[in-house]
Amino acid sequence: MGIAWRRARLLERRSQTATARTLVLTAPDWPGHLPGQHVDVRLTADDGYQAVRSYSLAAPADGDRIELGVQAVDGGEVSPYLTDGLPVGAEVEVRGPLGNWFVWRAEQTEPALLVAGGSGVVPLTAMVRAHRAARSRGPLHLLYSVRSPEDVWYRDHLADGDPLLDVRIMYTRQAPPGSVRPPGRITTADLDEATARLKPASPVYVCGPTGFVEAVDNLLIDRGRDPVTIRTERFG
Amino acid sequence: MADATTQLDGNCLAGPLSEILSVEPTTAWWRCPECARSGPLAELHVYGPEPGLTARCPGCAHIALRLVREGEHIWLTMGGGTGAFRFATSP
Ligand SMILES: Cc1cc2nc3c(=O)[nH]c(=O)nc-3n(C[C@H](O)[C@H](O)[C@H](O)COP(=O)(O)OP(=O)(O)OC[C@H]3O[C@@H](n4cnc5c(N)ncnc54)[C@H](O)[C@@H]3O)c2cc1C
Ligand SMILES: [Zn+2]
C-alpha cells in the first residue's frame, strides 16, 4: 500500500531571497498534482539515517518537473542542506503528490482570498500560476506578509499586470519608501478590504508559520467569516 | 517538526497515513466525540515530531489519533484509548 518513494534529481536551483531557493527537480513518471499539494522529501545519510520533511509544490503540474520553494531555517536539519548543500545533479527521494484538502481547482470560479506568511507563499503561488495557466475567470486576491522588501519571493509570478490577480504585500518590519501601510503584522483592516470582495462561500486559503496561520484564522473568524470557508496549512 | 511543542495540522499526515491507507486521508470527515465539532482531518491539530504524531480536536484538544513509527511498523491508535493497530510497512 501507499504512495511510493521515487528518486528525484535536482535540475536547477535559483535564489528567491538571501536564504530562500527555488529547487527544480525531475521526478520520473510523476503523476501530476493539484496546486496546493505537497511532497515529502526524504534524505538518507551514508550511515542510513533518514530525515523526512514536507515541502509544497510551487508550480502547476508540468510533466516530470516539480518545483519546490525552500526557506533555510536557522539551525534546521534539512532546509539549509536543500537550499545550499544538495549539489545540482544529486538525487533525493520524494513521495507525493500529497494532500487533497488544501488545493485550489481551476473549476472554482468564486473569488478566492490567499493569505501567505513568509514561505507560506509557496503553495499559494502554485494556485496563482495554475489560475493563470487555466485562464480562470474567478479573481484571486493575495495578501502576502513578509519582513522587508528583500524577503519577497516570486516577484515575476506575482506581479505581471493580470487584472484578475490582486496582490497586496504587507511588510512587518520595513516597508519600501512611499508605502502607505505602516510596517506591522496583518490586521483586521488588511483583511476587511480583501474579504469585502469575496462572496459568503468564497474560499480563503491561509498558509505560513503556525503562529501566523492561527492569528489570521482568528482575525477572520472574529470578522464573522464562516470557518467552513477557511482552509489552513501550518508549516510549523 | 523538530521540537516537541511543534504544532502542525492534518495536512502533514497525508504522507505518513498514505503508508497504511489506500484513500487520501486529509479530506476524511471527522466528528469529535467530546465536543461534537466536525471537520476534515486536515484541520486537526498535530503535535510532533516524528516518529510520534498526535492529532487533536482543534476545539477541545481531545485526541483523534496517534501515529507512531517504529522501524518497519506503524502504530495507529484511534481516539483516546481503544487499543492500537500495528501495520507493517515495506521499506
Ligand atoms: C504540509 C507542509 C508543507 C510545507 N511546505 C514548506 C515549503 O513549501 N517551504 C518551506 O520552506 N517549508 C515548508 N514546510 C516546513 C518544512 O517541512 C520544514 O519544517 C522546514 O523546512 C524546517 O525543517 P528543518 O529540517 O530545516 O528544521 P528542523 O531541524 O526540523 O528544525 C525546525 C526548527 O526547530 C529548531 N531546532 C532544530 N533543532 C533544535 C534543537 N536541537 N533545539 C532547539 N531547536 C531546534 C530549528 O532552529 C528550527 O527553528 C512545510 C511543512 C508542512 C507540514
Ligand atoms: Zn473536540
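Letters A, B, ... are given to chains in the order of the sequence lines, protein chains preceding strands, and every chain is numbered from 1.
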Interface moiety of B:Pro25 toward chain A, non-hydrogen atoms closer than 4.5 Å: neither
Contact class of A:Glu214 relative to chain B, heavy atoms under 4.5 angstrom: side chain
Close contacts, residues 31-39 of chain B versus chain A, judged by heavy atoms under 4.5 Å: none
Spacing of A:Thr232 atom OG1 and A:Leu220 atom CG [to the nearest 0.5 Å]: 10.5 Å
Of A:Thr188, A:Asp192, A:Thr195, the residue whose pairing with A:Arg223 passes side chain to side chain donor-acceptor pair (under 3.5 Å): A:Asp192
Ion pair A:Asp84/A:Arg21, N-O distance below 4.0 Å: yes
Portion of A:Asn100 that has a non-hydrogen atom of chain B nearer than 4.5 angstrom: both
A:Leu68 side chain reached by A:Leu57 side chain, heavy atoms, under 4.5 Å: yes
Basic-acidic side-chain contact under 4.0 Å: A:Arg53, A:Glu77: yes
Student check: side-chain heavy atoms of A:Ser79 and A:Tyr55 closer than 4.5 Å: yes
Min side-chain heavy-atom separation A:His38-A:Phe102 under 4.5 Å: no
